[in-house]
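What you see is a predicted model; the values in this text were computed from it and never measured. Start at 1 with the first residue, then count along the sequence.
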Amino acid sequence: MNKLQSKTLARKDVSVEETWDLTELFPCEKAWKKELDAIALDLEKLVEYKGSLGSSAINLLQCLLERDSLEERVARVMTYASLNQSADGTDPANQANDAIAASVYATVRSSVSFIDSEVLALSEEKVGLFLEQESGLKDYTKMLSDLFEDKAHMLSPETEQVLAAYSEIHESPYMIYQRSKTSDMSFSSFTTEDGTLHPLTFNLYAKYEESPDTDIRRKAYDAFIETLDRYKNTYAGTLATEVKKQVVEAKLRKYESVTEMLLFEQQVTKEMYHNQLDTILTELAPHMRRYARLKKSVLGLDQLCYSDLKAPLDADYNPEISYDEAAELVLEALKIMGPEYAEIMRQGLENRWVDRADNLGKRSGAFCSSPYGAHPYIMMTWNNSMRNAFTLAHELGHAGHFVLAGRNQSISNTRPSRYFIEAPSTMNEMLLSKHILEKSDNDRMRRWVILQSLGTYYHNFVTHILEGELQRRVYALAEKGTPITAKLLCEQNLDLLAAFWGDSVELDEGAGLTWMRQPHYYMGLYPYTYSAGLTASTAASLMIQEEGQPAVDRWLSALKAGGTLKPIDLMRLGNVDMSTSEPISKAVAYVGSLIDELEKSFT
């Protein structure tokens, strides 16, 4: 007879302490709906500025201030709906409210699109004069400068308004992908040799692939891939629609390519983008193949399958940690960042910023949502693994960044380029690793932390760089008119995996389906930016270790700057120059040194 593992709980059955508290956004759904109505009324008042922005500096300022205020409120209603949907995508009410919020967002975007169009109708000289006349406009200096840089790619006011009105439709590929994953995709349970029947979900698969039991890893992988295969054509169609949308928009806006358009938005040069992908793919592959061969040897496997890549190397040493213990550990590790940062971390850990429950319908993975004017919200799934402590530290890095930026900048100046976004989060992981190594005299724990650090680099320098390379290939093919199909996506994915891993990993056809796992393909050129952030945090964390307070102060100044600087200048505040490949090569070499130390620990 099969033994059945404990079932995943419904959302209503999980402990409240394990969920986030959304009452800072809205005390209840009724209050949320009331705010939707209020936003509609205030939007009408904002639109009254239409046609008058060029008449005076004060008119322009008042309009921008009211837009900021409205956008802050829209962010709250969007976040409230999105977080509820992420927590339980099976709830019809959450699905409906998420759709309502998306519709409101589309309406607001369409209605306020006149602002950018009217500003661009003015001369740069007149806008400069307005800046001199009205000191309140100084906060909008970078926003106005960025707007004029984009002028060559702006369409007519009427066209911009129409495109903005279609924003809900434009976001539908991502919505369909996410809803399918959380609400429709059902995985078959699998039985291991000991007779245990294991349930399978997206979240559980992430746990199974790190299991020390080869039978569990490989059978979970087979069951997971079997379900992905059934959905591949639908998901390919959804992704193809997303790609086609970007191709069409790039042509309309007279960009040379989708890549140019998306990099322009990030304020990143093509050289920086290609440096990041090419340097890591070329220089990291030999190190990772060495890591794969070490794993095969230590695990005593005849062959290292793709499903074995995340198998623990020290299977008997997998330290568990409770959430409360991890919270204390993270707080200790981040004390070096100073009292203000440490207090933000404490609030996040003690005041239910974190949703860590595992329940049906919960979105897979982890993220931090940071609506301006409210505290951040972190989603993850806690399973008492020390690795969870690193995920927690990572997401708290995003939270700390946006709390500091929000305290020091207006909503228009809070969010930096995506190129910088992952630097504060991976910095926290680096500091946690160094703290554990410093406080522990246990050689086995040292090896475990090195393995966890390699896990961070694997996530950002392998998983996401390979996603970034797939994007680079797919956009190039799409712009040549090549249809983006499931067959093409699987072939390209399998090809790049083979090019990276060589003969160190046995790849099966199912590995080609793993493009279906991540939502990042619906977020522009997001995947490669993970490695950019980790490159910067690697360099800056080493400086903190060597210099102490001066390096900490530089890093905090970059966090507080928010979006007031371009990403290359933000990183320069932390004394990291990303205009060359040198920091990337140094980060890759650091990964190599970790593998060197790991190899020695097993000899």
Side-chain angles (χ1 to χ4, degrees), residues 4-26 28-29 32 78-99 101 174-190 196-211 216 220 223-224 227-228 231 320-324 326-327 348-369 376-385 387-389 391-392 394-396 399 517-519:
L4 183 63
Q5 294 278 63
S6 57
K7 292 184 177 180
T8 306
L9 296 174
R11 181 70 177 181
K12 63 182 178 60
D13 295 324
V14 301
S15 169
V16 171
E17 288 73 23
E18 296 182 63
T19 65
W20 46 33
D21 179 7
L22 301 185
T23 57
E24 180 169 331
L25 293 173
F26 295 97
C28 60
E29 186 177 336
W32 176 76
M78 290 284 294
T79 301
Y80 183 81
S82 175
L83 294 182
N84 276 311
Q85 170 70 4
S86 294
D88 184 4
T90 64
D91 188 328
N94 291 343
Q95 295 177 10
N97 288 344
D98 195 43
Y174 174 71
M175 180 273 292
I176 293 167
Y177 170 80
Q178 285 293 97
R179 189 162 296 178
S180 173
K181 276 177 61 175
T182 58
S183 304
D184 294 333
M185 188 174 280
S186 178
F187 296 88
S188 300
S189 300
F190 63 95
T196 302
L197 184 66
H198 300 262
L200 182 62
T201 64
F202 250 97
N203 285 345
L204 281 175
Y205 180 66
K207 178 181 178 181
Y208 291 140
E209 67 181 340
E210 296 181 3
S211 171
I216 288 178
F224 187 71
T227 297
L228 292 187
Y231 285 81
E320 293 189 352
I321 190 169
S322 69
Y323 178 78
D324 291 338
L349 291 164
E350 296 179 1
N351 295 339
R352 288 180 59 203
W353 293 12
V354 183
D355 190 296
R356 60 186 192 273
D358 184 15
N359 59 261
L360 293 170
K362 185 173 181 177
R363 174 176 162 175
S364 62
F367 67 83
C368 178
S369 180
Y377 291 89
I378 293 169
M379 170 166 279
M380 62 179 297
T381 302
W382 195 268
N383 55 31
N384 290 324
S385 165
R387 183 61 195 166
N388 293 153
T391 302
L392 180 62
H394 178 103
E395 300 304 338
L396 282 168
R517 291 189 66 175
Q518 294 288 358

When rounded to the nearest 0.5 angstrom, what is the spacing between [atom1] in [X] and [atom2] in [Y]?
X	Y	atom1	atom2	value
Ser15	Glu17	OG	CD	4.0 Å
Arg387	Glu210	CZ	CD	7.5 Å
Glu209	Ile216	CD	CD1	13.0 Å
Leu25	Trp20	CG	CH2	10.0 Å
Asp98	Asn84	CG	CG	9.0 Å
Asn383	Ile321	CG	CD1	12.0 Å

With sequence neighbours left out, write down each residue that passes side-chain contact (heavy atoms from CB on, under 4.5 Å) with [X], or none if nothing qualifies.
X	answer
Ser186	none
Asp91	Asp88, Ala93, Asn94
Thr381	Asn203, Asp358, Lys362

Check: Phe367 ring centroid to Tyr377 ring centroid under 6.0 Å:
no
Aromatic ring pairing Phe224/Tyr205, orientation class (parallel under 30°, perpendicular over 60°, tilted between):
parallel
With under 30° as parallel and over 60° as perpendicular, where do the rings of His198 and Phe190 fit, or are they tilted in between?
parallel
Could you tell me if Arg356 sits above the aromatic ring of Tyr323, with its cationic atom closer than 6.0 Å to the ring centre and no more than 45 degrees from the axis?
yes
Heavy-atom side-chain contact between Met185 and Thr227 under 4.5 Å:
yes
Under 4.5 Å between any side-chain heavy atoms of Leu349 and Leu392, yes or no?
yes
Under the salt bridge (Lys or Arg N to Asp or Glu O under 4.0 Å) test, residues paired with Arg363 that sit two or more places apart
none
Counting only N and O atoms by type, is there a donor-acceptor contact under 3.5 Å from the side chain of [X] to the main-chain atoms of [Y]?
X	Y	result
Gln95	Gly89	yes
Asp355	Ala87	no
Ser86	Ser82	yes
Asn388	Asn384	yes
Thr201	Leu204	yes

With side-chain contact (heavy atoms from CB on, under 4.5 Å) as the criterion, how do Tyr80 and Leu22 come out once you've worked through the C-alpha distance, each side chain's angles and the decisive distance to 0.1 Å?
CA-CA 7 Å; Tyr80 183 81; Leu22 301 185; 4.0 Å; yes
My understanding is that only residues two or more places apart in sequence, or in another chain, count here; which of them pass side-chain hydrogen bond (donor to acceptor under 3.5 Å, both in side chains) with Thr19?
Arg352
Could you give all pairs that pass the salt bridge (Lys or Arg N to Asp or Glu O under 4.0 Å) test and reach residues 175-189, with sequence neighbours left out?
none
Under 3.5 Å, is there a donor-acceptor pair linking the side chains of Asn97 and Gln85?
no
Taking all atoms of both residues into account, what is the closest heavy-atom pair of [X] and [Y], and its distance?
X	Y	result
Ser188	Ala223	O-CB, 3.9 Å
Thr79	Ser369	CG2-OG, 3.5 Å
Ala357	Arg11	CB-NH1, 4.4 Å
Trp32	Ala81	CZ2-CB, 3.9 Å
Pro199	Ser189	CA-OG, 3.6 Å
Pro519	Gln178	CB-OE1, 3.7 Å

